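Everything below concerns the one structure shown next.
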Amino acid sequence: MATQSIFTSKVLKAVKLIPKGKVASYGQVASMVGVPRAARQVGRVLYEHGGKNKIPWWRVINNNGYIVIKNPEHSPNEQKELLEAEGIKINKKLKIDIKKYRYIPTKKDLKILENDDLYIQLILRKFKNL
DNA sequence: ATAATGACATGTT
DNA sequence: TAACATGCCATTA
């Protein structure tokens, strides 16, 4: 296996920070690792690494609250069941009340991801207003 | 070095 | 509400 890029390793680290019973959006994870507009890249990382190294890939959904997984090894229904097993309610259209379940990162977690103080303040404000 | 790709996000119809 | 359009950027070809 090739050496992972900084971006990839940070994404994996960030996803592991999402607590059981909570979810985060792709764009949110991108912001957490310092590249706010790299949501699609977060999706690609999970496509490759989902199911490996205890990565809780199922806790990442899109910003509208929908399960949008496209991976032959992990179906939308599998993701739904994994989330329900953690106590999250999901309707028939695979929609989640993201306002209710969204993980708001802590300063400590954002420090772990090597963000500087100014940037941390910035994205904390951003997610608290959701 | 250049171009295409896509587990997204956001604004406009 | 849903469909469509545009912007994005790490990877890959």
Side-chain angles (χ1 to χ4, degrees):
Chain A
M1 165 165 155
T3 303
Q4 292 171 192
S5 69
I6 300 294
F7 178 81
T8 297
S9 58
K10 279 194 182 183
V11 167
L12 297 178
K13 201 184 291 186
V15 172
K16 285 194 217 174
L17 291 173
I18 307 168
K20 180 178 177 182
K22 290 287 182 180
V23 297
S25 71
Y26 296 93
Q28 179 181 347
V29 173
S31 290
M32 289 170 63
V33 303
V35 192
R37 300 173 200 174
R40 305 181 77 162
Q41 288 59 244
V42 170
R44 182 181 43 70
V45 169
L46 291 181
Y47 184 104
E48 288 182 9
H49 296 79
K52 301 179 186 175
N53 299 82
K54 313 199 173 182
I55 305 295
W57 56 268
W58 57 90
R59 296 182 189 143
V60 185
I61 61 179
N62 79 9
N63 204 39
N64 295 319
Y66 285 97
I67 286 175
V68 292
I69 185 172
K70 294 172 185 169
N71 186 320
E73 298 179 15
H74 300 291
S75 70
N77 195 54
E78 177 186 355
Q79 181 168 9
K80 176 173 183 279
E81 289 175 0
L82 283 165
L83 288 171
E84 287 176 331
E86 299 185 345
I88 293 176
K89 291 275 193 177
I90 305 172
N91 76 12
K92 283 185 180 175
K93 290 181 179 176
L94 298 180
K95 166 105 172 183
I96 294 161
D97 184 349
I98 194 170
K99 278 195 169 184
K100 178 176 179 182
Y101 298 108
R102 187 193 293 274
Y103 155 61
I104 303 299
T106 62
K107 275 188 193 172
K108 184 181 171 187
D109 287 347
L110 294 171
K111 280 280 193 184
I112 292 173
L113 296 170
E114 301 165 41
N115 293 295
D116 63 55
D117 294 330
L118 189 63
Y119 184 74
I120 287 176
Q121 296 305 325
L122 186 74
I123 67 175
L124 277 182
R125 265 206 305 282
K126 181 176 174 185
F127 289 112
K128 278 181 181 172
N129 292 330
L130 297 178

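Treat the numbers as computed from the prediction; the structure is a model and nothing was measured. Every chain is numbered from 1, with letters handed out A, B, ... down the list of sequences.
- With dA9(B), dT12(C), dC9(C) as the candidates, the nucleotide lying closest to the side chain of Glu48(A) is dT12(C).
- Atom CD in Gln28(A) sits roughly 18 Å away from atom C1' in dC8(C) (whole-Å rounding).
- Every side-chain hydrogen bond (donor to acceptor under 3.5 Å, both in side chains) that Glu86(A) has, sequence neighbours left out, goes to Trp58(A), Arg59(A).
- If you check dA7(B), dA2(C), dT10(B) against the side chain of Asn64(A), the one that comes closest is dT10(B).
- Between the side chain of Asp116(A) and the backbone N or O of Leu118(A) there is at least one donor-acceptor pair closer than 3.5 Å.
- Mapping Asn63(A) and Asn71(A) onto DNA chain B via the closest heavy atom, the residue that lands nearer the 5' end is Asn71(A).
- Looking at Asn63(A), its side chain never comes within 3.5 Å of a backbone N or O of Ser25(A) through a donor-acceptor pair.
- Under the 3.5 Å distance criterion, the side-chain polar atoms of Gln28(A) are matched with a main-chain donor or acceptor of Tyr103(A).
- Summarising the geometry, the separation between CD1 on Ile61(A) and C1' on dA9(B) is reported as 14 Å, rounded to the nearest angstrom.
- The nearest whole Å value for the distance from the CD atom in Gln4(A) to the P atom in dA10(C) is 16 Å.
- Mapping Gly27(A) and Gln41(A) onto DNA chain B by nearest heavy atom places Gln41(A) at the nucleotide closer to the 5' end.
- Phosphate contact (OP1/OP2 of dA10(C), side-chain N/O of Thr8(A), threshold under 4.0 Å): absent.
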Stepwise side-chain hydrogen bond (donor to acceptor under 3.5 Å, both in side chains) check, Asp117(A) with Gln121(A): CA-CA 6 Å; Asp117(A) 294 330; Gln121(A) 296 305 325; over 6 Å; no
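- Picking from dG6(B), dT11(C), dC9(C) the nucleotide with the shortest atom distance to the side chain of Arg44(A) gives dT11(C).
- Taking atom CD1 of Ile98(A) as the reference point, atom C1' of dA9(B) lies 12 Å away to the nearest angstrom.
- When the P atom of dA10(C) is taken as reference, atom NE2 of His49(A) falls 16 Å away, rounded to whole Å.
- Listed nucleotides: dA7(B), dG6(B), dA9(B). Nearest to the side chain of Trp57(A): dA7(B).
- Within the nucleic acid shown, Val35(A) comes within 4.0 Å of sugar-phosphate atoms alone, with no base atom in reach, counting heavy atoms only.
- Residue Ser5(A) places its side chain closer to dT11(C) than to any other of dC9(C), dA7(B), dT11(C).
- A residue-by-residue look at Lys93(A) and Ile6(A) shows that Lys93(A) has its nearest nucleotide of DNA chain C further toward the 5' end.
- Here the nucleotide nearest the side chain of Lys70(A), chosen from dC8(B), dC8(C), dT11(C), is dC8(B).
- The distance between atom CG of Leu12(A) and atom P of dA7(B), rounded to the nearest whole Å, is 17 Å.
- For His74(A) and dA7(B), the NE2 to P distance is 14 Å, given to the nearest whole Å.
- Among the heavy atoms of the strands lying under 4.0 Å from Tyr26(A) is at least one base atom, whether or not backbone atoms are also near.
- When each of dA10(C), dA2(C), dA7(B) is scored by its nearest atom to the side-chain atoms of Ile69(A), the top-ranked nucleotide is dA7(B).
- Among the nucleotides dC9(C), dA7(B), dA9(B), the one closest to any side-chain atom of Ser25(A) is dA9(B).
- Residue Asn62(A) places its side chain closer to dC8(B) than to any other of dC8(B), dG6(B), dT11(C).
- Side-chain atoms of Gln79(A) come within 3.5 Å of backbone N or O of Val60(A) as a donor-acceptor pair.
- Between the C1' atom of dG6(B) and the OH atom of Tyr47(A) lies a distance of 11 Å, rounded to the nearest Å.
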